[in-house]
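Inspection log for the structure reproduced underneath, given as structure tokens.
Nothing fancy with the numbering, it's 1 onward along the sequence.
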Amino acid sequence: MAEVSPRVGLFVTCLVDLMRPSVGFAAVKLLEQAGCSVDVPRAQTCCGQPAYNSGDRADTKAIAEQVIAAFEGFDYVVAPSGSCAAMIKKHYPELFADDPPLRAKAEDLSARTFELVSFLTDVLKVEAVESSFSGAVTYHDSCSGLRELGVEAQPRKLLNNLPGVEIREMEESNVCCGFGGTFCVKYPDISNKMVSNKAGFIAASGAGTLLAGDLGCLMNMAGKLQRQGAGVRVRHVAEVLADMADEPAIGEAADEGSVQKGRVA
């Protein structure tokens, strides 16, 4: 009897869909190469994290209900973002503590939801991927993925198994870059100090490429590095693992004729 492929619903995330669709396409490629059948529900919305972090529980619940409905029926839900995956996995059940039927649905979705690289390594037991990417990289551990989901060793494992890649660990790789979603808006001076410190550690690593698993963090650090003239290229780890690092790096102008093709969702 033929083995049935796991049916995965890709939670694209707002920033990937609107700012860096190549990350979504890289996620699809990695999942399909690992034997999954991948769908991208068009009814999906934001995970609700901005509203949640701002204390707006009513709108967060409304958004969460839409997400729960959009991803019913999938074996797994996978996001190329630790923060969005953590919002669904850790905080959705809490939202509906006083609504048993919705809490049950939120808990069911929580159990099926994973960050992309964690899903590949921890659930699908992927040991290595094929990528022609080469060079020295340094890795930033984004807060939600690290602290809420335990994503730390998984991306390094896959990167270490790429023959052309050398990982140069930066100092304080597990310290926040200062983005923090609404944090950088509420506390811009503190945020700027944090990302300035982070940029210094990145440059000191001597790596030519910065990688991470959350696009918000990557955009924040890319902006600071470019303003400082650091010359470090910034990419989502999925783009490197999927051998899709031929696009301009985050924050770089697209080459003539090089266009990221369409939106994912």
Side-chain angles (χ1 to χ4, degrees), residues 8-21 23-24 27-28 31 38-119 141-151 176-188 191 212-220 236 238 263-265:
V8 172
L10 180 66
F11 188 86
V12 176
T13 83
C14 300
L15 287 178
V16 168
D17 192 32
L18 296 172
M19 305 298 293
R20 190 74 174 176
V23 174
V28 171
L31 290 167
V38 184
D39 289 314
V40 183
R42 289 187 175 273
Q44 66 180 283
T45 65
C46 172
C47 68
Q49 189 175 178
Y52 181 81
N53 289 342
S54 299
D56 184 354
R57 293 297 186 267
D59 282 334
T60 306
K61 286 183 178 181
I63 293 168
E65 287 188 55
Q66 291 179 307
V67 174
I68 290 169
F71 286 93
E72 285 183 342
F74 290 101
D75 298 320
Y76 300 100
V77 176
V78 176
S81 162
S83 62
C84 297
M87 178 67 198
I88 296 171
K89 195 170 186 71
K90 298 295 184 180
H91 301 295
Y92 274 21
E94 301 168 0
L95 284 171
F96 301 107
D98 58 351
D99 189 331
L102 274 173
R103 181 178 176 87
K105 290 185 176 182
E107 288 175 341
D108 173 67
L109 178 60
S110 170
R112 294 182 286 119
T113 299
F114 297 87
E115 183 273 339
L116 172 64
V117 182
S118 173
F119 180 69
D141 298 292
S142 299
C143 295
S144 293
L146 175 64
R147 292 168 176 80
E148 295 188 285
L149 301 178
V151 179
C176 179
C177 72
F179 176 64
T182 56
F183 176 86
C184 63
V185 177
K186 294 178 180 177
Y187 307 104
S191 174
D214 264 278
L215 188 54
C217 305
L218 288 163
M219 291 170 63
N220 184 42
H236 193 286
R263 293 172 61 183
V264 181

Taking all non-hydrogen atoms of both residues into account, name the closest pair between [X] and [Y] and its distance.
| X | Y | answer |
| --- | --- | --- |
| Cys84 | Ser81 | N-OG, 3.1 Å |
| Tyr52 | Glu94 | OH-OE1, 3.5 Å |
| Ser83 | Ser144 | CA-CB, 3.4 Å |
| Cys177 | Asn220 | O-ND2, 3.2 Å |
| Ala85 | Leu149 | CB-CD1, 3.8 Å |
| Ser142 | Ala212 | OG-CB, 4.2 Å |

State whether the side chain of [X] and the backbone N or O of [Y] hold a donor-acceptor pair below 3.5 Å, judged by distance alone.
| X | Y | answer |
| --- | --- | --- |
| Ser191 | Tyr187 | no |
| Thr13 | Val16 | yes |
| Gln44 | Ala70 | no |

Could you tell me if the side chain of [Y] sits less than 4.5 Å from the side chain of [X], heavy atoms only?
| X | Y | answer |
| --- | --- | --- |
| Leu95 | Glu65 | no |
| Val67 | Phe11 | yes |
| Leu10 | Pro80 | yes |
| Cys176 | Phe183 | no |

Give the intermediate values and the outcome of side chain to side chain contact (heavy atoms under 4.5 Å, CB included) for residues Thr182 and Gln49. CA-CA 9 Å; Thr182 56; Gln49 189 175 178; over 6 Å; no
[atom1]-[atom2] distance between [X] and [Y], expressed to the nearest 0.5 angstrom:
| X | Y | atom1 | atom2 | result |
| --- | --- | --- | --- | --- |
| Leu102 | Leu109 | CG | CG | 11.5 Å |
| Ile88 | Arg112 | CD1 | CZ | 10.0 Å |
| Asp214 | Leu146 | CG | CG | 11.0 Å |
| Cys217 | His236 | SG | NE2 | 9.5 Å |
| Ile63 | Tyr92 | CD1 | OH | 7.5 Å |
| Leu218 | Arg20 | CG | CZ | 9.0 Å |

Residues Asp75, Val8; criterion side chain to side chain contact (heavy atoms under 4.5 Å, CB included); working and verdict: CA-CA 6 Å; Asp75 298 320; Val8 172; over 6 Å; no
Under the side chain to side chain contact (heavy atoms under 4.5 Å, CB included) criterion, do Leu31 and Phe119 qualify, and how do the steps go? CA-CA 9 Å; Leu31 290 167; Phe119 180 69; 3.6 Å; yes
Begin from the C-alpha positions of Ile68 and Asp108 and carry the test side chain to side chain contact (heavy atoms under 4.5 Å, CB included) through to its verdict. CA-CA 9 Å; Ile68 290 169; Asp108 173 67; over 6 Å; no
With a 3.5 Å cut-off and no angle check, do the side chains of Glu148 and His91 form a donor-acceptor pair? yes
Let me see the working for Arg103 and Glu107 under salt bridge (charged side-chain N to carboxylate O under 4.0 Å, His left out), right down to the final yes or no. CA-CA 6 Å; Arg103 181 178 176 87; Glu107 288 175 341; 2.9 Å; yes
